[in-house]
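Order of appearance sets the numbers: ligands from 1, and atoms from 1 within every ligand.
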Amino acid sequence: MTRTVYYTATSLDGFIATTDHSLDWLLSRDTDSAGPMGYDGFITGIGALAMGATTYLWVREHDPDWLPEKPAWVFTHRDLTPPPGADLRFTAEDPSRVHAAMVEAAAGRDVWVVGGGDLAGQFADRGLLDEVVVAIAPVTLGAGAPLLPRRVELALQEVVRNGDLACARYTVQRPPSPA
Ligand SMILES: NC(=O)c1ccc[n+]([C@@H]2O[C@H](COP(=O)([O-])OP(=O)(O)OC[C@H]3O[C@@H](n4cnc5c(N)ncnc54)[C@H](OP(=O)(O)O)[C@@H]3O)[C@@H](O)[C@H]2O)c1
């Protein structure tokens with residue numbers, strides 16, 4: 001069954017980028033993408049992904065040749081043009097509707113919410129977020145783009161070390177449905 005997973009790296013104090021959208025605090029760390037909870041194993045289980053406009057534009061700026069490996073949805077109110085050949089669409093539809101399309105495209109694989117944190121929160125608000133997987137870098141930033149600016153109850157399922165990072169997988173706890 002498809003799970004919707006927010007998989008990201010964070011500072012110890014809960015920021016996924018600095019205030020000026022730098023990832024220098026993360027990209028300088030020793031990590032193994034083929035190691036425990038690493039990207040290589042994660043992406044093989046993913047069938048579709050979603051991200052917000054800031055994340056998309058950051059990736060395009062830093063890696064202009066980047067194309068998503070899976071069908072991708074980018075949330076924005078701006079009139080952006082997808083790169084040629086990309087299986088990518090821009091949307092301002094409600095995340096519930098986009099989620100249904102993503103699950104269909106994923107064909108049994110999982111859905112990756114890349115970020116940012118508020119977009120992950122919008123999926124959580126709708127009861128559509130199943131897991132949060134974080135790789136915690138050994139740094140505090142004091143300010144920046146927040147990891148998940150909501151109250152979301154989680155249950156810890158797994159903890160491993162990957163190089164400099166402490167990686168943890170949580171399932172989202174949903175309130176019991178009314179009888
Ligand atoms: N540490 C990591 O592993 C990691 C992972 C992911 C991202 N990041 C970084 O974290 C930062 C995240 O930036 P951010 O907090 O600004 O979040 P973001 O989700 O990347 O971008 C926010 C933008 O997404 C659009 N958006 C969000 N929800 C929408 C909706 N329901 N409908 C339509 N548009 C919607 C809006 O764009 P418009 O203004 O166009 O409407 C909004 O301004 C970036 O610097 C990114 O590079 C880090």
Within the structure, does at least one protein heavy atom fall under 4.0 Å of atom 46 (C) of ligand 1?
yes
With sequence neighbours excluded, residues passing salt bridge (charged side-chain N to carboxylate O under 4.0 Å, His left out) with Arg161:
none
Does a side chain donor of either His99 or Thr4 reach within less than 3.5 Å of an acceptor in the other side chain?
yes
Nearest neighbour of atom 32 (N) of ligand 1 from the list Gln122, His62, His77, on a heavy-atom basis
His77
Please confirm whether Gly116 comes within less than 3.5 Å of ligand 1 when only nitrogen or oxygen atoms on both sides are compared.
yes
N/O of Ala92 under 3.5 Å from N/O of ligand 1, yes or no?
no
Nearest-option assignment for atom 14 (P) of ligand 1, heavy atoms, candidates Thr10, Ile16, Thr54:
Thr54
N or O contact, Trp58 vs ligand 1, cut-off under 3.5 Å
no
Honestly, for Phe75 the part within reach of ligand 1 (heavy atoms, under 4.0 Å) is both
Between ligand 1 and Met51, is the shortest N or O to N or O distance under 3.5 Å?
no
Establish, from distance only, whether the side-chain atoms of Asp20 and Ser22 form a donor-acceptor pair under 3.5 Å.
no
With distance as the sole test, does Tyr7 use its side chain to make a donor-acceptor pair with the main-chain N or O of Met37 at under 3.5 Å?
yes
Would you say ligand 1 has an N or O under 3.5 Å from any N or O of Glu93?
no
Would you say Trp25 has any N or O atom under 3.5 Å from an N or O of ligand 1, going by distance alone?
no
Which part of Ala145 is near ligand 1, with near meaning a heavy atom under 4.0 Å away: side chain, backbone, both or neither?
side chain
